[in-house]
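Since we're looking at a predicted model, the values are computed, not measured.
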Amino acid sequence: MTAATEIVTGVDFVTIPTQDLDASVAFFGNTLGLERSVYLPDRGFAEFETGTVTLSVVVAERMGFEFAPTRNPLALHVEDVEAARAALESRGVEFAGDTFDTGVCHMAFFSDPAGNAFMLHHRYAKRVPTG
């Protein structure tokens, strides 16, 4: 794609729906330890920084859409899945099954208090382009 036809240049934020902003703010800030960059409870949202993409936690109905938890997991990069998993388990996070090894990466699946799907992710083998 050339500069003249390029439209999308990045991802600014990902919306994470909730019905309980206080519980979500505590989870993303305290449990996951993410930096909170915006907190507007009177407007129904808060934002957290991951270093690459902002997580915009919103009370769905306040933003004009129906609440439905995201079932496709958002992959959160960590350097060591087992160490991060142990830290989160000590903070009360429950994981769905054992850590999964794909042969190129490790993944551990969990949900936030609103039921949105997440995974801890670490790629340990070099990505090989296929096309």
**OP:** Give the cluster check for Val59 versus Val38: same hydrophobic cluster or not, with ILVMFWY residues linked at side-chain heavy-atom distances below 4.5 Å.
**Re:** no
**OP:** Taking the side chain as every heavy atom from C-beta outward, state whether His121 and Val81 have any pair of such atoms under 4.5 Å apart.
**Re:** no
Subject >> Summary of salt bridge (charged side-chain N to carboxylate O under 4.0 Å, His left out) pairs that have at least one residue in residues 84-99, sequence neighbours excluded >> reply: Arg85-Glu89
Subject >> Separation between CZ of Arg36 and CG of Asn30, rounded to the nearest 0.5 Å >> reply: 9.0 Å
**OP:** Can you sort out the partners of Pro17 under side-chain contact (heavy atoms from CB on, under 4.5 Å), two or more places apart, ordered by chain and number?
**Re:** Ala60, Phe65, Phe67, Thr70, Asn116
**OP:** Walk me through it: do Val57 and Val25 pass the test side chain to side chain contact (heavy atoms under 4.5 Å, CB included)?
**Re:** CA-CA 8 Å; Val57 180; Val25 164; 5.7 Å; no
**OP:** List the steps, then state whether side chain to side chain contact (heavy atoms under 4.5 Å, CB included) holds for Phe48 with Ile16.
**Re:** CA-CA 10 Å; Phe48 295 86; Ile16 308 296; over 6 Å; no
Subject >> Atom of Pro113, atom of Ala23 and distance for their closest heavy-atom approach >> reply: CG-O, 4.0 Å
Subject >> 4.5 Å side-chain heavy-atom contact, Leu120 and Phe95 >> reply: yes
Subject >> Met119 with Val11, same ILVMFWY side-chain cluster at under 4.5 Å >> reply: no
Subject >> Smallest separation among heavy atoms of Phe13 and Ser56, with atom names >> reply: CD1-CB, 3.7 Å
Original post:
Just how far is it from atom CG of Leu34 to atom OG1 of Thr31, taken to the nearest 0.5 Å?
Top reply: 10.0 Å
Original post:
Does His122 reach the main-chain N or O of Val78 with its side chain, forming a donor-acceptor pair under 3.5 Å?
Top reply: yes
Original post:
Does the side chain of Leu76 come within less than 4.5 Å of Phe110's, by heavy atoms?
Top reply: yes
Subject >> hydrophobic_cluster_shared for Phe27 and Val14, side chain cutoff 4.5 Å >> reply: yes
Original post:
Would Glu61 and Gln19 satisfy side chain to side chain contact (heavy atoms under 4.5 Å, CB included), going step by step from the backbone distance to the final call?
Top reply: CA-CA 8 Å; Glu61 291 84 2; Gln19 292 177 304; 3.8 Å; yes
Subject >> Backbone of Met63 reached by a side-chain donor or acceptor of Arg43 within 3.5 Å >> reply: no
Original post:
How far apart are the closest heavy atoms of Ala125 and Gly103, and which atoms are they?
Top reply: CB-O, 4.4 Å
Original post:
Between atom CD of Glu35 and atom OG1 of Thr54, what is the distance when rounded to the nearest 0.5 Å?
Top reply: 9.5 Å
Original post:
Linking I/L/V/M/F/W/Y whenever their side-chain heavy atoms sit closer than 4.5 Å, directly or via other members, would Val53 and Phe45 fall into one cluster?
Top reply: no
**OP:** Check step by step if side chain to side chain contact (heavy atoms under 4.5 Å, CB included) holds for Leu74 and Leu55.
**Re:** CA-CA 10 Å; Leu74 180 65; Leu55 302 183; 3.5 Å; yes
**OP:** Heavy atoms only: give me the nearest Pro69-Ala114 pair and the separation to one decimal.
**Re:** CB-O, 3.6 Å
Subject >> ring pair (Phe, Tyr, Trp, His ring centres under 6.0 Å) assessment of Phe28 paired with Phe118 >> reply: CA-CA 12 Å; Phe28 288 99; Phe118 288 89; 5.7 Å; yes
Subject >> Common cluster, Leu21/Val58, ILVMFWY with side-chain heavy-atom separation under 4.5 Å >> reply: no
